[in-house]
Protein chains: 2
Amino acid sequence: MTTAEPIPHGAAGVRIADDLRTAILAGRYAPGARIRQEDLADQHGASRLPVREALRMLEGEGLVTLVANTGAWVTSLSLADCEEMYQIRERIEPLLLRYNVPMLSDAQIDHLEQLALQMEEGDDVEHFLALDREFHLSSYSAAETSLLGDTVRQLWNRTQHYRRAFMQVFRPSDRSVHHEHHLLVAAIRRRDLDEAERVLASHIRRTRKELARHPEIFTD
Amino acid sequence: MTTAEPIPHGAAGVRIADDLRTAILAGRYAPGARIRQEDLADQHGASRLPVREALRMLEGEGLVTLVANTGAWVTSLSLADCEEMYQIRERIEPLLLRYNVPMLSDAQIDHLEQLALQMEEGDDVEHFLALDREFHLSSYSAAETSLLGDTVRQLWNRTQHYRRAFMQVFRPSDRSVHHEHHLLVAAIRRRDLDEAERVLASHIRRTRKELARHPEIFTD
DNA sequence: TATCCCAAGATTGTTTCCAATTCAATGCCA
DNA sequence: TGGCATTGAATTGGAAACAATCTTGGGATA
């Protein structure tokens, strides 16, 4: 029997923001969905005040769009927006990887390889999404970058829904993804900074171009 | 006599955030300075609630650091943080420039050249900072990038104070800055995307390295 | 029938008041 | 004298009540 965790005073807004972020990333809120303050407040047994703080926080992360006197919606992206984010990722994730390659332990690199192998099995979309996210974010977890890491995570979060939508209709038939993942692990293992950067940039670029071939995913 | 602007209901938090952001960027709040909710509320003739929303917004932009039950401070950066931001800028500003070069009108390019020339005159730090900011942000103002532009502006805002501190102690004696600005204008005028990217990346890289030579600017 | 107007309902924005927490100064004790 | 618990002021966090705004539906009119 677990001891009842006493809910700390303060930071209720942060807790609500965490929950809402998780819900959005899990796909329980679709882009464009309206978010009513009172609903969220009731769900968390709180007043609307911490809810408003949570919405402001997620607005800052780009997950929620607020309009004065009108309401809050889960941010939805156009294809152009999404491509822009992928272009940013293409430029800064290789930089983040460069910070990390020298700091990753051999055990961590082994773990990356395990993740790449697990991804090849099964065809559950959610499972693949989770593994893919863990694979890439793990490769960024060794260096203590104060903001680069956060920025990249935000970009992943903002595009999460469209990655899911893409996988659901596309179900990558080709093996490029897995091939690139293994190339990446190999470059990391050799501590080859330039090659790791190149492979990762190509990986993101190819993904962006495939996404652009499916504009039907985007409503606006 | 100007008509008294009626203060619209709603979005008081946004107004306070705008004012506070301006104050921080102008240097009226130094990094590490405490921000008390009630002071801000009194200054704006509002209650503390919109102030708290404003603080959450600026936290999302990285200008303010909040600690639960404790308070808010103007975010201060370490040298490592600042270098990280400059490295990010080095990678994404050339991308943003690439979006813009084809869209800039000849008149806008003329204006850039004017700014570059004005920057060579006078030695007032604030004047130089304002012109430098306008020069670069103007070169990013033609294309309608939804997030890349915002991201870059945020990076400029976060590092604004350290740019000022650097200029105050260093007062660039060499002419590299101006030379690079004119090279940049020339590349833009020729619509040479690759060259413009190269010049801009070098410009930012050189600035970063000069900043790193003055660690005494950073307190922590 | 289409359009405009208006009013009621729903939702958000703000203020006020109170509770919880933190921090610093004070006094106590070894 | 130094360390430590305690107490109080200062400050932040949250809830409920109220005010302003927007939306939506119906109805009157051209």
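Please read these numbers as outputs of a predicted model, since none were measured by experiment. Quick note on labels: first sequence line is chain A, next is B, and so on, each numbered from 1.
- Counting non-hydrogen atoms of other residues, nucleotides and ligands closer than 6.0 Å to NE2 of H214(B) gives a total above 12.
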Checklist outcome for this item: Expected string for nucleotides 10-16 of chain D under the B/S/- scheme (protein heavy atoms, under 4.0 Å, primed atoms plus P, OP1, OP2 as sugar-phosphate) is -SBBBB-
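- Partners of A130(A) by side-chain contact (heavy atoms from CB on, under 4.5 Å), not counting sequence neighbours: none found.
- L40(A) has its CG atom 14 Å from the C1' atom of dT11(C), to the nearest Å.
- Ring geometry, H136(B) versus H203(B): the interplanar angle falls under 30°, so the pair is classed parallel (tilted spans 30 to 60°).
- The side-chain contact (heavy atoms from CB on, under 4.5 Å) test applied to D19(A) returns H44(A), not counting sequence neighbours.
- A distance of 8.0 Å separates CD of E84(B) from OG1 of T151(A), quoted to the nearest 0.5 Å.
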